[in-house]
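Scroll down for the structure; my scribbles are underneath it.
By convention here, the first residue in the shown sequence is residue 1.
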Amino acid sequence: MSRGISDLQKGILLGCLEKGFLSTQDILCWWWGWEPAEWGAKKAGSHQYNAAHASLSRSLDRLWRRGLVTIWKSITGSATAVTLTPHGQELAEAISEEETEDTVNG
């Protein structure tokens, strides 16, 4: 059911399912393991930050084009955030069930 969805996209869907709302800062810190102070203005010109931000941007755009997320601009100050659409919630629940079955069946 989750064919064609990257690991990052699955993570975003599952994170939104769990928390209801994810900012891009939440995703950058969680997925790439950065602390907020590590990536903001300090990394704005770095190749690592630019690559991560581009990857995140592409992932969010693909999820939005598939009708799986709603993208909220400037919701947390200057950051972008995402929530699940009803279709996105269905897919996230299916992915969660698949992962639970894979864990149980080993």
Query raised in the report: Side-chain contact, heavy-atom cut-off 4.5 Å: Leu56 with Trp32?
Result: yes
Query raised in the report: Do any N or O atoms from the side chain of Thr80 and from the backbone of Thr24 form a donor-acceptor pair under 3.5 angstrom?
Result: no
Report summary line: In this structure, CD1 of Ile95 is separated from CG of Leu17 (nearest 0.5 Å) by 9.5 Å
Requested in this report: Show your reasoning for whether side-chain contact (heavy atoms from CB on, under 4.5 Å) applies to Thr85 and Trp64.
Outcome: CA-CA 9 Å; Thr85 63; Trp64 177 78; over 6 Å; no
Requested in this report: Could you tell me whether the side chain of Thr100 and the main chain of Ser96 form a donor-acceptor pair under 3.5 Å?
Outcome: yes
Requested in this report: Can you measure from CG (Leu91) to NZ (Lys10) and round to the nearest 0.5 angstrom?
Outcome: 9.0 Å
Query raised in the report: Okay, side chain of Ser59, backbone of Ser55: is any donor-acceptor separation there less than 3.5 Å?
Result: yes
Query - Arg62 to Gln9 - nearest heavy-atom pair and separation - result: CB-NE2, 3.3 Å
Report task. Evaluate the side-chain proximity of Leu13 to Val69: yes if any heavy-atom separation is below 4.5 Å, no if none is. Result -> yes
**Report entry** Between CG on residue Leu14 and CD on residue Glu93, distance to nearest 0.5 Å
**Finding:** 10.5 Å
Query raised in the report: What is the minimum heavy-atom distance between Phe21 and Thr83, and which atoms define it?
Result: CD1-CG2, 4.0 Å
Requested in this report: List the steps and the verdict of side-chain contact (heavy atoms from CB on, under 4.5 Å) for Lys19 and Asp26.
Outcome: CA-CA 11 Å; Lys19 296 184 179 196; Asp26 294 336; 5.8 Å; no
Report summary line: side-chain contact (heavy atoms from CB on, under 4.5 Å) with Ile12: of Val82, Leu84, Leu68, only one passes, and it is Val82
